[in-house]
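Worksheet: one structure, shown below.
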Amino acid sequence: MRQWHWISSAVCLVGMLMFALTGITLNHAGRIEASPQVTTLEAELPSERLLSLEAVHAERAPLPDDLRAWFADEWQLRLPARAAEWDGYEVYLSLPRPGGDAWLSIDRVTGDVLYERTDRGWIALFNDLHKGRNTGTAWSWFIDIFAVACVIFSITGLVLLKRHAANRPTTWPLVGLGLVIPWILIVFLLH
């Protein structure tokens, strides 16, 4: 039991610190000043790139590969192959990300391109990681695996508490407080 407990605690240590600290920043998000940094890029697509837009006749489809390559070469902007919103006049690609947001708009008639990226800072980044907001599949799996490791850590800790409780008379009253205090707050103080 001790081995499972110390291994799960070692695996959880950094994650638990991060989730605890971001729990505080999330709880006080309204009091934390933020100064978002907005980056705007404007350009006009070359005519051969504008032609690649004419071949798309769907309401939701990714940008053509050659156009995504053009953005990578010209703006060092790596665009995902996710579906954009298409209509007769515009292509709009939403690019949400942890700690910020971005979007790309292309006028299908004139070739005018507008890209805007908003960075809300490192606190917003870590808060979004805490919530799993716009983080993708790999981070979602990490959160789930981390949660399982925390459950193992907690259950093995409870078993170890039970084994050593006879020598520590305050063990069960303290465990009881950890259960009773949140319930008192929920029942009497939440509205």
Side-chain angles (χ1 to χ4, degrees), residues 11-12 14-151:
V11 168
C12 293
V14 174
M16 286 187 77
L17 286 171
M18 184 193 91
F19 280 96
L21 291 172
T22 55
I24 293 168
T25 60
L26 281 166
N27 196 36
H28 298 281
R31 297 182 195 156
I32 298 172
E33 293 285 328
S35 299
Q37 303 294 319
V38 178
T39 303
T40 303
L41 302 173
E42 295 182 53
E44 189 174 316
L45 284 181
S47 56
E48 64 272 8
R49 297 296 167 241
L50 190 55
L51 289 175
S52 69
L53 294 178
E54 292 177 8
V56 179
H57 299 289
E59 289 183 14
R60 295 198 52 82
L63 294 175
D65 292 340
D66 64 321
L67 188 56
R68 288 188 306 110
W70 183 84
F71 281 109
D73 293 341
E74 294 295 317
W75 289 0
Q76 288 69 52
L77 182 60
R78 308 263 182 252
L79 297 174
R82 80 164 51 123
E85 297 172 27
W86 298 73
D87 65 28
Y89 305 101
E90 180 185 45
V91 180
Y92 178 83
L93 180 62
S94 177
L95 300 163
R97 60 188 186 81
D101 193 24
W103 55 270
L104 176 78
S105 173
I106 305 170
D107 186 309
R108 293 181 75 176
V109 177
T110 65
D112 291 338
V113 178
L114 181 60
Y115 169 78
E116 185 175 282
R117 177 182 169 156
T118 304
D119 183 359
R120 292 184 179 88
W122 65 271
I123 291 177
L125 171 67
F126 282 103
N127 285 349
D128 285 350
L129 291 174
H130 180 110
K131 296 182 285 186
R133 181 175 179 250
N134 301 319
T135 55
T137 305
W139 188 258
S140 179
W141 274 100
F142 167 76
I143 289 175
D144 290 346
I145 293 168
F146 172 74
V148 169
C150 287
V151 168

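Among all heavy-atom pairs drawn from Trp75 and Ala43, the shortest one is CZ2-CB, 3.3 Å. Residues Trp86 and Ala61 approach most closely at NE1-O, 2.6 Å, considering heavy atoms. Across all their heavy atoms, Ala55 and His57 have their closest contact at O-CD2, 3.5 Å. Counting all heavy atoms, side chain and backbone alike, Ala81 lies closest to Pro62 at O-CB, 3.6 Å. Of all heavy-atom pairs spanning Leu53 and Pro64, the tightest one is CD2-CD, 4.4 Å.
With rounding to the nearest 0.5 Å, the separation of CG in Leu67 from CG in Leu93 is 10.0 Å. Distance CZ/Phe71 to CG/Asp66: 10.5 Å, rounded to 0.5 Å. Distance check: Tyr115 OH to Leu95 CG gives 6.0 Å after rounding to the nearest 0.5 Å. The distance from atom OG1 of Thr22 to atom CG of Leu17, rounded to the nearest 0.5 Å, is 10.5 Å. Atom OH of residue Tyr92 and atom CG of residue Asp107 lie 15.0 Å apart, to the nearest 0.5 angstrom. Interatomic distance, CZ of Phe142 versus CG of Asp144, reported as 10.5 Å (0.5 Å rounding).
No side-chain donor-acceptor contact under 3.5 Å links Arg108 to the backbone of Val91. A distance-only check finds no donor-acceptor pair linking the side chain of Asp128 to the backbone of Arg133 [under 3.5 Å].
Side chains of Pro98 and Trp139 form no contact here, defined as non-hydrogen atoms less than 4.5 Å apart. With a 4.5 Å cut-off on side-chain heavy atoms, Ile106 and Leu63 count as touching. Side-chain contact between Thr135 and His130 is absent, with no heavy-atom pair separated by less than 4.5 Å. In this structure the side chain of Phe126 never reaches within 4.5 angstrom of the side chain of Thr25, judged on heavy atoms. In this structure the side chain of Asp112 never reaches within 4.5 angstrom of the side chain of Glu42, judged on heavy atoms. Contact annotation: the side chain of Glu85 never approaches that of Asp87 to less than 4.5 Å [non-hydrogen atoms, C-beta and beyond]. In this structure the side chain of Asp119 never reaches within 4.5 angstrom of the side chain of Thr39, judged on heavy atoms. Counting heavy atoms from C-beta on, the side chains of Arg117 and Leu41 never come closer than 4.5 Å.
By the 6.0 Å contact criterion, CZ on Arg31 is open, its count of non-hydrogen atoms from other residues, nucleotides or ligands being 12 or less. Within a 6.0 Å sphere centred on CD of Glu48, heavy atoms belonging to other residues, nucleotides or ligands number more than 12.
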Residues Glu44, Thr110; criterion side chain to side chain contact (heavy atoms under 4.5 Å, CB included); working and verdict: CA-CA 8 Å; Glu44 189 174 316; Thr110 65; over 6 Å; no
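Between Phe146 and Phe19, the ring center distance clears the sub-6.0 Å criterion.
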